[in-house]
Amino acid sequence: MYVTEETAEGIISGESAHRTKEVNETIARGQRYRRHFVWDKRSSVISPTALWTETAEALPYPPASEFLNIEAISTIHSHPDLFRVDTPIKVDVFQSMLEKAGHPNPDFYLSVCAGLRQGFWPWADTHYGEYPTTWEEATPVPAVSQEREFLHDQIAKEVRVGRYSADFGPILLPGMYTMPIHAVPKEGGKYRLVTNHSAGSFSLNSMIAKADIAGVTLDNVQHLGNALR
């Protein structure tokens with residue numbers, strides 16, 4: 001349920017964005033799902049993410065050092081079906097719209113379009129020559145049969161919709177890493193699938209420096225509500 005200025009009378013007067021934020025935080029302490037669902041009539045409808053794109057640096061391409069990893073490159077070339085780049089976005093139309101609108105940061109949006117066509121590089125340094133060529137971080141055995149069945153069904157679903165690659169055998173191919181997955185209980189007896197990208201000494205997250213991804217601005221539910229009003 002959305003809480004607007006009218007239904008929150010007595011809680012918020014709408015005199016400032018600071019007061020709006022304060023009320024949102026107060027509500028969230030007891031009902032987290034209502035965080036960001038209070039706003040006043042003067043709340044900005046401009047997307048912070050859209051504003052950020054006007055000054056953001058272009059997204060990175062793989063550094064030259066990554067092309068020294070012959071094993072990984074060979075796996076990509078010999079198994080293109082495992083590394084499909086797929087998106088529902090009509091990239092040519094998207095790029096044309098940005099060009100016609102006169103987006104002030106073409107270096108950035110062209111790098112986004114290139115990523116949508118070719119895949120995005122996640123600011124990673126894979127530590128070639130330092131980390132193992134291939135690594136499997138073991139997944140813990142599910143504690144109960146319900147967790148095991150959920151993981152089995154969820155993996156099959158992810159394969160069907162194209163978010164996981166199809167089965168290619170029990171052995172990782174050269175250059176591949178795998179991180180553990182878990183079934184985390186939710187209210188009502190259901191589960192959600194979680195992949196731990198920070199597990200172990202050679203985790204995927206350890207390949208990305210926090211400084212490289214700092215400053216990214218993402219919209220939240222309140223920004224969406226403002227845009228829909």
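Just so it is clear, the values below take in all heavy atoms, side chains as well, and ignore hydrogens, waters and symmetry mates.
With rounding to the nearest 0.5 angstrom, the CG atom of Leu110 is 10.0 Å from the NE2 atom of His103. A distance of 9.5 Å separates CG in Asp125 from OG in Ser206, rounded to the nearest 0.5 Å. Rounded to the nearest 0.5 angstrom, Asp212 CG and Trp123 CH2 are separated by 8.5 Å. The NZ atom of Lys100 lies 11.5 Å from the CD atom of Gln95; values are rounded to the nearest 0.5 Å. Interatomic distance, Arg163 CZ to Lys157 NZ, rounded to the nearest 0.5 Å: 6.5 Å. Rounded to the nearest 0.5 angstrom, Asn196 CG and Thr139 OG1 are separated by 9.5 Å.
The shortest side-chain heavy-atom distance between Tyr109 and Thr53 does not fall under the 4.5 Å cut-off. In this structure, the side chains of Tyr128 and Glu71 come closer than 4.5 Å at one or more pairs of heavy atoms. You'll find the side chain of Trp121 reaches within 4.5 Å of the side chain of Glu66, heavy atoms only.
Taking hydrophobic clusters as Ile, Leu, Val, Met, Phe, Trp and Tyr residues chained together by side-chain heavy-atom distances below 4.5 Å, Ile213 does not share a cluster with Leu204. Linking ILVMFWY residues whenever their side-chain heavy atoms come closer than 4.5 Å, directly or via other members, leaves Val144 and Val184 in distinct clusters. Cluster annotation: Tyr131 and Leu172 are assigned to distinct hydrophobic clusters (Ile/Leu/Val/Met/Phe/Trp/Tyr, side-chain heavy-atom contacts under 4.5 Å, transitive). Note on Phe168 and Phe83: same hydrophobic cluster, where clusters join Ile, Leu, Val, Met, Phe, Trp and Tyr whose side-chain heavy atoms are under 4.5 Å apart, directly or indirectly. Linking Ile, Leu, Val, Met, Phe, Trp and Tyr residues whenever their side-chain heavy atoms come within less than 4.5 Å places Leu218 and Leu116 in a single cluster.
Asp219 places no side-chain N or O within donor-acceptor distance of the main-chain N or O of Ser47, the cut-off being under 3.5 Å. The backbone N or O of Gly175 sits nowhere less than 3.5 Å from a side-chain atom of Asn69 that would complete a donor-acceptor pair.
The minimum heavy-atom distance between Thr75 and Pro174, with the atom names listed, is OG1-O, 2.6 Å. Taking every heavy atom of both residues into account, Met207 and Phe202 meet most closely at CE-O, 4.3 Å.
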Query raised in the report: For Val112 and Leu98, what are the C-alpha separation, side-chain angles and deciding distance, and is it a side-chain contact (heavy atoms from CB on, under 4.5 Å)?
Result: CA-CA 11 Å; Val112 171; Leu98 291 168; over 6 Å; no

**Report entry** Evaluation steps, side-chain contact (heavy atoms from CB on, under 4.5 Å), between Val85 and Gln118
**Finding:** CA-CA 6 Å; Val85 177; Gln118 305 166 12; 5.7 Å; no

Requested in this report: For side-chain contact (heavy atoms from CB on, under 4.5 Å), just list the numbers for Leu82 and Leu173, CA-CA rounded to whole Å, side-chain angles, deciding distance to a tenth of an Å, and then say yes or no.
Outcome: CA-CA 11 Å; Leu82 300 179; Leu173 300 175; 3.8 Å; yes

**Report entry** Working for side-chain contact (heavy atoms from CB on, under 4.5 Å), residues Phe150 and Leu193
**Finding:** CA-CA 8 Å; Phe150 166 79; Leu193 178 66; 4.1 Å; yes

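A donor atom on one side chain and an acceptor atom on the other are not found under 3.5 Å apart for Tyr177 and Thr126. Residues Ser203 and Glu137 have side chains that never bring a donor and an acceptor to within less than 3.5 angstrom of each other.
The environment of CZ in Arg117 is crowded: more than 12 heavy-atom neighbours from other residues, nucleotides or ligands sit within 6.0 Å. Atom NE2 of His127 has more than 12 neighbouring heavy atoms from other residues, nucleotides or ligands inside a 6.0 Å radius.
Just one of Ser111, Pro122, Cys113 meets the side-chain contact (heavy atoms from CB on, under 4.5 Å) condition when paired with Leu59; it is Ser111.
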